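Below you'll find the structure, written out as structure tokens, and then a few comments.
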Amino acid sequence: NKSGIEVAGAVKWIDENYLIIGQAHYYKQEFIPALEIFEYIINKYPKNPTQSLAIMWKARTLIQLGDFTGAEGQLDVVANDKSLTDAQQGEVKATYADLYIHTGNYPNAIKYLEEAIPLTKKKKTRARYMFILAQLYEITGNNKKAADYFGDVISLNPNYDMLFNAKLNRARLSASTATNRNAAKKELERMLTDEKNK
């Protein structure tokens, strides 16, 4: 009936509003209030798509609080949730990557970021993931892949700071042979001609 539809719609908005409030606390680094709100959503709105998102955000919050085991358990709950969109599944995979970066498990972080990138539609977010992936490849000693990913970041034409750093890092990493060294030198010289790179 009509009143049932209105109530269902109202519940949808209420739980989404709670999620936004929890995210606001998270971004303000108010992790305990954020955690309380995400737990409230999980308990109050079971079998609701917002519940899975709240679980993912709870995991992110637990990572910031240093509870890596708890965070991994929460992510495992939503990892195979078919109700999540591709973009949301990408966020879950990126959260796994963040967890593994915090724990120093770089191979797992690389694996999950590589899975997150094709699921991520926002160009800015994809560029960020690729930049982090390039850094992880460099840390793990794979300079070729690192340089390739910095190149992928450049091709997405990200914001100035990321573009500048990706170009510098790619030039630095790819200068291992005489041919690459000349190409890297030319790229750096091109960067010098741009006034904003001063």
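The structure displayed is predicted, hence computed values, not measured ones.
Looking at F68 and L99, their side chains come closer than 4.5 Å, going by heavy atoms from C-beta outward. Two residues are said to be in side-chain contact when any heavy atoms from C-beta on lie closer than 4.5 Å; Y96 and I63 fail this criterion. Between I14 and Y45, the closest side-chain pair of non-hydrogen atoms falls below 4.5 Å. Residues I37 and I41 form a side-chain contact, since some pair of their non-hydrogen atoms from C-beta on lies under 4.5 Å apart. Looking at K58 and L35, their side chains come closer than 4.5 Å, going by heavy atoms from C-beta outward. With contacts defined as side-chain heavy-atom distances shorter than 4.5 Å, the pair Y160/L163 does not qualify. For the pair D67 and T61, the minimum side-chain heavy-atom distance is 4.5 Å or more.
Heavy atoms of other residues, nucleotides or ligands lying less than 6.0 angstrom from CG of N80 number 12 at most.
Side-chain N or O atoms of K121 include none that pairs as donor or acceptor with a backbone N or O of A87 at under 3.5 Å. Under the 3.5 Å distance criterion, the side-chain polar atoms of Q51 are matched with a main-chain donor or acceptor of I42.
Of the N and O atoms on the side chains of N48 and T50, at least one donor lies less than 3.5 Å from an acceptor on the other residue. If you check the side chains of Y40 and D15, you find no donor sitting under 3.5 Å from an acceptor. Side-chain atoms of S83 and D81 include a donor-acceptor pair closer than 3.5 Å.
The distance from atom OG1 of T120 to atom CD1 of I117, rounded to the nearest 0.5 Å, is 7.5 Å. H102 NE2 to Q64 CD: the interatomic distance, rounded to the nearest 0.5 Å, is 5.0 Å. To the nearest 0.5 angstrom, L53 atom CG is 8.0 Å from T85 atom OG1. The CD atom of E91 sits 10.5 Å away from the CG atom of L119 when rounded to the nearest 0.5 Å.
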Given the rule in the side chain to side chain contact (heavy atoms under 4.5 Å, CB included) test, do V153 and M162 qualify, once you have shown the distances and angles that lead to the verdict? CA-CA 8 Å; V153 171; M162 189 178 290; 3.9 Å; yes
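Annotation for A94 and Y129: closest pair CB-OH, 3.2 Å, computed over non-hydrogen atoms. Annotation for A109 and L136: closest pair CB-CD1, 3.9 Å, computed over non-hydrogen atoms. Nearest heavy-atom pair across A116 and G90 is CB-O, 3.5 Å. Contact detail for L173 and A146: the closest heavy-atom pair is CD1-CB, 3.6 Å.
Residues L19 and I32 are members of one and the same hydrophobic cluster, defined by side-chain heavy-atom contacts under 4.5 angstrom among Ile, Leu, Val, Met, Phe, Trp and Tyr.
Proximity of the aromatic rings of Y27 and W57 is defined here by a centroid distance below 6.0 angstrom, and this criterion is met.
Every ring-ring contact (aromatic ring centres under 6.0 Å, His included) that F31 has, sequence neighbours left out, goes to Y26.
Residue F131 forms a ring-ring contact (aromatic ring centres under 6.0 Å, His included) with just one option from Y149, F164, Y137, F150, and that option is F150.
The list of salt bridge (charged side-chain N to carboxylate O under 4.0 Å, His left out) pairs with a residue in residues 124-135, not counting sequence neighbours, is empty.
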